Amino acid sequence: MSENIGFFAKIMERRIPQFLGIFLAGSWTALEFTQWAVGRYSLSPNWEEVLVVCLLLTLPLILVLAWHHGAPGKQKWTLFEKIFIPLYLLTIPLSLHHLYKDTDLNKTVEMVMVTDESGEMRERQVARSEYIIPLIIYPLKNLSQDQSIDELALMSTSVLERDLGQSPFISINPFRFISVDIRRSQLPPLALPLTYQINLAQKRARDFIINGSINKVNANYKIDLNLYSAKTGQQISSFSGENPDYFSLIDSLTKQINKHFFPNGIRHTDLPIGDLYTGNWDAFKDFNKAITIELFGDKKPEAEQYYKAAIEKDPTFAIAFFRYALYELAQNKLVSAKNLTDQAVKHGQYRLTEPERLAFNSVYFQLNKQVDRAIETLDQWITLYPNDWEAYLNKARLMSNLRNYDEFIINLKKVVEIDPSQHRVWDAIGDTYAQLGKYDQALEAYNKFKEANPTDPVSQKNIGDLYSQQGNHDLSISHYQKALNLDPSYTLTVTNLGRSYARIGNFKKAEETYKRAVAQSSSPEQKLGSQTSLAELYWSYGLRKAATDIYLNAYSEFSETKSASQSLYNEAQRAARYYVSGKEKHAENIIQQGLITAKENNEDVVLINIQVGQVLLLNAQGKPEEALPIMDNVAKVARSYLGEGNDVEISHIKGQTLFAMGKYEEAKDAFELANNKFPDNINFSQWLARVYYQLGELESAKEIYSNILKIAPGYPAYNLAMAKVLIAEKQISEAKTYLEKTLDAWQFADMEFDELIEAKQLLASI
C-alpha cells in the first residue's frame, strides 16, 4: 500500500523534514559555537568556512539516511548503504583536505616570551601578520560653519588611530607620517580628493581607507565615517554617531568599525579613548592646536605655548607630555625632554597604549642615559608587535645615534620587509652605505628605491649624489637634471646640483643654481640649507664678506620662523668663520649668548654643541690650549648619552685642536679614526692630509689630496694644498699648474686673506 503513496507523502512518512530540521538546528548551533570559539580563542576565521563546507558535504548523507531509515520501525541496511556510507564518510575529509590544504587554519596569534616590568619572564600572545588589517585614516571634513572645529576635524584622524590601534589586529599608517605626503601635495588637508586618498593608500600599501565628516549640531558632535577598499575605490560600509561627548562618540564609532572587521569579536584591551587623552576639554583643545601647528603650521615654535598650556591644565596628560618631549628633542633640548618624560612616566602606564608606552619608555631610558634598557625596551616592542614597523624604525634611529650602522641598516631593512610601502628607507640605507664608502651596496639600495618610485625625483637625486661623492660629476649632473625634469620644484636636487658645479669649478653656474634653490625653498629648513650652501660656495671661492652676510641673514630668518635655540647652536659652528672674516665681536657674542642660554636652561647637549663652536673659534684665535679641556667635556657629556657613538666626530674635532697645538702625531691618530670610518668624506680626509704634510709624509698627503681633487677638482684650497706638497717634493712644474688653478678660482675673491696671499707668494717664488 505504501508503495502507491506520492513522493511528498513518502518524504513526510520518512520524517525527512524533521531530520533536516534537526540537522539545520545542529548546524546553526555548531556555527554559532565556532564563531564564538574563533573570537574567544583567536582561531583562524577560515574555520567557519571549513565548517559550512563540511556541513554541506554532510547534508547528502543525512538525506540518504533519512530516506532509507527515517520511517518508524526497523529497516535493513542494504549492500549499497554499507558500501556508500563509509566511502562517502571518507570522501568528506579528503574533500576538505583538497579544498583547504593551502589555507591557513592556525590560530590568529602566536605565543612569545617577554620580560615584564618586574623582570619576570611571561608568555604573551602576538597577532600574526596574515590577520592584520592595514588601514589609513584621513582628516575629516568640517561640515559646520565653526572654523574652530577645523582642528578637531584634523585631530580626529589621530584620535581614531589611537583608539583603533589598541587592537593588535589593526595596523594604521600613523598620521604624522602621512601628513608629510599631504604637505608635499599642497592640497588642503581637510578637503583631500578621494582619488588622492586612494592613490596615497595604495602607495602606502593600505588595503582600506577611512574618511568622513564632522559637524556640530546644537550641543552634539556628529561624525560620519566611510570605509573604502583602497584596491577598488569602492565604498564598503559606513559608520555614524552623534553625541555631546566627543570621546564617547569616537568610542562608539571604533566599536562599529571593529564589529565590521571582526564580527565574532576579538580579545584585546580596549580602553575608553577619553582615558587615553584627558578629562579636561580645554587641555585637549590646546593639544590639538600644538599638533596642528607642528604638522601643518608655518611657525613651528608657536606649538610650544600650546603644549605647555595643555600639560598645565592636566598634569596627567601623558600623550601631551610625550609629544612635547619629542618636540624638545627635535630642538636638541635633551634636559627639557627628560624633565617632561620624568613627569609623564607615572601616568604613562594608564594613559598610553602599549606600543606608545614602549616607545615612550625607550625615549625615557635614552634620556636617563640607560641605553641598554632603551634597547631592551625596543626589543620587547619588536617581540610583542613583530609586524609593527615603527618598532624597527625606532630601533634604527637609536642605532644611528649610536653610530652602529650595521644594526641601523638591518632594522631599516626589516621596516621595508614588513611594509614595502616604506620604500623611502632605501634612501637612508643607500645614504649610509655611500657614507661608509660601500658604493655597490649604496647603488643597489638606491635602485630599489627607484624601482618603487620611478617618477619620484629622489630616486634620480640619490644616484646623482652617489656619483658626486665618487667624483663622477658628468653622471651626477645628468641624474640631477633627470630629477629636475620629474620635479623642478625639488629644492634639494637644485642644491646638490649647485654643489656639483661648485666642485668642478664652475662658480657662476653654481652661484646661479644655489640662488635658484634659495628662491624656491618652501620651508624654513629648506631655505636655511640653501642659504648656507650658497654661503659655503662664496667662502670656498674667496667671497668671504658675502658668505658672512648670508650666514647672518640665514640664521636670523630661521630663528624667527623655526627655533631661536636651534638657530643659535647652528650659528655657533660658524663663529670661527665670523672671526676670520673680521667679525670678531659677533663671533664671541654668538658663543657667549649660546653658553648663557644653554646654562640657563640646563641643556647640556645644547651646551656641548655651542662648545664645539667655541673650540673651533679658540683654534682660529690661536688659543688651542684653552680649547682642549672644553673638548674633553664635550666628549664626556656625549658619551654619557650615547656611549662611543659620537667618538669619531668628537675625536676629529679634538684632532683639529691638537693640530693647532702642533701635536701632529696625536692629531694624526684622531684624523685616521675618522678617515677609516668615512673614507671619502673630504671634510675629514683634508685634515689627515694636512697632518701628513706637517709630518713630512708627503706621499701619503699627496695620495689623499689626489682623491680629494678627484671629488672636488675646482676648490682652490685643495689645489693650493696639493701645490705645497708638490713644491716640497721639488715637482715645481706640476705645482705651478695647481697654483695657477688656485688663483684662477679665487679671481672673484673680494679681500686679501691668508691663503690667497700665500698662493700668490708661492707662485711668485717659483
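None of the values given here were measured: they were computed from a predicted structure.
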**Q** Are the side chain of N719 and the backbone of Y715 linked by a donor-acceptor contact shorter than 3.5 Å?
**A**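 Such a contact is found between N719 side chain and Y715 backbone.
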**Q** Looking only at heavy atoms, what is the nearest atom pair of K741 and P713, with distance?
**A** NZ-O, 3.1 Å
**Q** Has T742 got a side-chain atom pairing as donor or acceptor with L720's backbone, closer than 3.5 angstrom?
**A**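 Side chain of T742 to backbone of L720: a pair is present.
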**Q** Take T495 and S533, measure what side chain to side chain donor-acceptor pair (under 3.5 Å) needs, and give me the verdict at the end.
**A** CA-CA 7 Å; T495 304; S533 293; 5.2 Å; no
**Q** Here's one to test your reading of the geometry: is the NZ or CZ of R544 within 45 degrees of the ring axis of F753 and under 6.0 Å from its centre?
**A**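 That pair qualifies as a cation-pi contact.
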**Q** So that I can tick it off, tell me whether E512 and R516 are bridged by a salt bridge, with the cut-off set at under 4.0 angstrom between side-chain N and carboxylate O.
**A**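 So R516 does not pair with E512 through a salt bridge.
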**Q** If you take the centroid of each ring, where Trp contributes its six-membered ring, are Y467 and H479 closer together than 6.0 Å?
**A**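 Here the rings of Y467 and H479 have centres that are less than 6.0 Å from each other.
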**Q** Under 6.0 Å between the ring centres of F507 and Y541?
**A**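 Centroid separation for F507 and Y541: below 6.0 Å.
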**Q** Distance alone, cut at 3.5 Å: any donor-acceptor contact between the side chains of E511 and Y538?
**A**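 Result is yes, a qualifying pair exists.
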**Q** When rounded to the nearest 0.5 angstrom, what distance separates CZ in F558 from CG in L528?
**A**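 These two atoms lie 5.5 Å from each other.
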**Q** Measure from NZ or CZ of K369 to the centre of the six-membered ring of Y641, then state whether that distance is under 6.0 Å and the direction lies within 45° of the axis.
**A**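 Yes, K369 and Y641 form such a contact.
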**Q** Taking C-beta and beyond as the side chain, do V648 and H652 meet within less than 4.5 Å on heavy atoms?
**A** no
**Q** Could you state the interatomic distance from CG (D431) to CG (D465), rounded to the nearest 0.5 Å?
**A**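 The CG atom of D431 sits 7.0 Å away from the CG atom of D465.
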**Q** Do N589 and Q592 pass the side chain to side chain donor-acceptor pair (under 3.5 Å) test, and can you show the C-alpha distance, the side-chain angles, and the key distance before you say yes or no?
**A** CA-CA 5 Å; N589 286 343; Q592 290 307 313; over 6 Å; no
**Q** Can you confirm whether more than 12 heavy atoms, excluding those of D440, are under 6.0 Å from its CG atom?
**A**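 Result for CG/D440: open.
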**Q** Do you know the tightest heavy-atom contact between I590 and L568?
**A** O-CD1, 4.1 Å
**Q** Taking the six-membered ring of F408 (Phe, Tyr or Trp), confirm whether the NZ or CZ of K395 is under 6.0 Å from its centre and within 45° of its axis.
**A** no
**Q** Would you please classify the geometry between the Y578 ring and the Y551 ring as parallel, tilted or perpendicular, with 30° and 60° separating the classes?
**A**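 Correct class here is perpendicular.
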**Q** What do the steps show when you test Q566 against E571 for side chain to side chain donor-acceptor pair (under 3.5 Å), and what is the final call?
**A** CA-CA 9 Å; Q566 195 173 359; E571 190 174 12; over 6 Å; no
**Q** May I ask you to decide whether K636 forms a salt bridge with D632, counting only side-chain N to carboxylate O separations under 4.0 Å?
**A** no
**Q** Please determine whether a side-chain nitrogen of the Lys or Arg among R403 and D647 lies less than 4.0 Å from a carboxylate oxygen of the Asp or Glu.
**A** no
**Q** May I have the step-by-step check of side chain to side chain donor-acceptor pair (under 3.5 Å) for S476 and S468, ending in yes or no?
**A** CA-CA 5 Å; S476 73; S468 176; 4.7 Å; no
**Q** Any side-chain to backbone donor/acceptor pair from E603 onto L334? Under 3.5 Å, distance only.
**A** yes
**Q** Side-chain contact, heavy-atom cut-off 4.5 Å: I504 with I477?
**A**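 Contact flag for I504/I477 side chains = yes.
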**Q** Please round to the nearest 0.5 Å and tell me the distance separating atom CD1 of I596 and atom CD1 of I591.
**A**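 Going from CD1 on I596 over to CD1 on I591, the span is 11.5 Å.
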**Q** Please lay out, stage by stage, how N601 and V606 fare under the test side chain to side chain contact (heavy atoms under 4.5 Å, CB included).
**A** CA-CA 9 Å; N601 293 289; V606 174; over 6 Å; no
**Q** If I compare all heavy atoms of L398 with all of A374, which pair ends up nearest, and what's the gap?
**A** CD2-CB, 4.2 Å
**Q** How about E625: does its CD atom have over 12 heavy atoms from other parts shown lying under 6.0 Å from it?
**A** yes
**Q** Dump the intermediate steps for salt bridge (charged side-chain N to carboxylate O under 4.0 Å, His left out) on E536 and R574, then the final yes or no.
**A** CA-CA 11 Å; E536 292 286 330; R574 313 295 178 186; 2.7 Å; yes
**Q** Go through the steps for K450 and D456 under the test salt bridge (charged side-chain N to carboxylate O under 4.0 Å, His left out), then give the verdict.
**A** CA-CA 8 Å; K450 183 180 175 181; D456 193 322; over 6 Å; no
**Q** Could you check whether any side-chain heavy atom of R690 comes within less than 4.5 Å of a side-chain heavy atom of Y705, counting everything from C-beta outward?
**A**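 Yes. Closest side-chain heavy atoms under 4.5 Å.
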**Q** Supply the atom-to-atom distance L698 CG to K724 NZ, rounded to the nearest 0.5 angstrom.
**A**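 Nearest 0.5 Å value for the CG-NZ distance: 12.0 Å.
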**Q** Check for a donor-acceptor pair, side chain of T493 on one end and backbone N or O of Y480 on the other, with a separation under 3.5 Å.
**A** no
**Q** Taking side chain as C-beta onward, heavy atoms only, is Q526 less than 4.5 Å from S522?
**A**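 Yes - at least one pair of side-chain heavy atoms lies under 4.5 Å apart.
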**Q** Below 4.5 Å, heavy atoms only, C-beta onward: do L618 and P624 meet side chain to side chain?
**A** no
**Q** Q611: what forms a side chain to side chain donor-acceptor pair (under 3.5 Å) with it, not counting sequence neighbours?
**A** N633
**Q** Has T597 got a side-chain atom pairing as donor or acceptor with Q593's backbone, closer than 3.5 angstrom?
**A**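 Confirmed, T597 side chain pairs with Q593 backbone.
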**Q** Is N676 reaching over with its side chain to a backbone N or O of E672, donor-acceptor style, under 3.5 angstrom?
**A**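 It does hold such a pair.
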**Q** Nearest 0.5 Å please: distance from the CG atom of L658 over to the CG atom of D669.
**A**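 If we round to the nearest 0.5 Å, L658:CG and D669:CG are 9.5 Å apart.
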**Q** Can you tell me how far apart CD1 (I650) and CD1 (I608) are? Round to the nearest 0.5 Å.
**A**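 Reported to 0.5 Å precision, the distance equals 6.0 Å.
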**Q** Give a yes or no answer on whether the side chain of N453 reaches the backbone of T455 with a donor-acceptor pair at less than 3.5 Å.
**A** no
**Q** Examine distances only and state if a side-chain atom of S559 and a backbone atom of S556 form a donor-acceptor pair shorter than 3.5 Å.
**A**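 The answer is yes, because a donor-acceptor pair under 3.5 Å joins these two groups.
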**Q** Hey, are the side chains of I409 and T432 touching, using non-hydrogen atoms and a 4.5 Å cut-off?
**A**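 Yes. Closest side-chain heavy atoms under 4.5 Å.
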**Q** Is the CD atom of E752 crowded by more than 12 outside heavy atoms at less than 6.0 Å?
**A** yes
**Q** Specify the closest pair of heavy atoms between T491 and A517, including all atoms of both residues, with the distance to one decimal.
**A**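 Smallest heavy-atom distance, with atoms named: CG2-O, 3.5 Å.
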**Q** With a 3.5 Å distance limit and no angle check, can you tell me whether Q573 reaches the backbone of Y569 through a side-chain donor-acceptor pair?
**A**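 Answer holds: yes.
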**Q** Shortest non-hydrogen contact from S581 to W539?
**A** CB-CZ3, 4.1 Å
**Q** Just checking, any donor-acceptor pair under 3.5 angstrom between side chains of S336 and E328?
**A** yes
**Q** Given K413 and W426, is the side chain to side chain contact (heavy atoms under 4.5 Å, CB included) satisfied, shown in steps?
**A** CA-CA 8 Å; K413 286 183 176 179; W426 287 116; 4.2 Å; yes
**Q** To check you understand the geometry: which heavy-atom pair defines the closest contact between A546 and D750, and what is its length?
**A** N-OD2, 4.1 Å
**Q** Taking Q470 for the side chain and L466 for the main chain, is one N or O donor matched with an acceptor at less than 3.5 Å?
**A**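 Flag set: sc Q470 to bb L466 pair under 3.5 Å.
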**Q** Under the side chain to side chain contact (heavy atoms under 4.5 Å, CB included) criterion, do E740 and D744 qualify, and how do the steps go?
**A** CA-CA 6 Å; E740 288 172 345; D744 183 61; over 6 Å; no
**Q** Side chain to side chain contact (heavy atoms under 4.5 Å, CB included) between N553 and Q531: does it pass, once the steps are laid out?
**A** CA-CA 9 Å; N553 180 65; Q531 287 176 313; 3.4 Å; yes
**Q** Please report whether the ring centroid of Y664 lies less than 6.0 Å from that of F659.
**A** yes
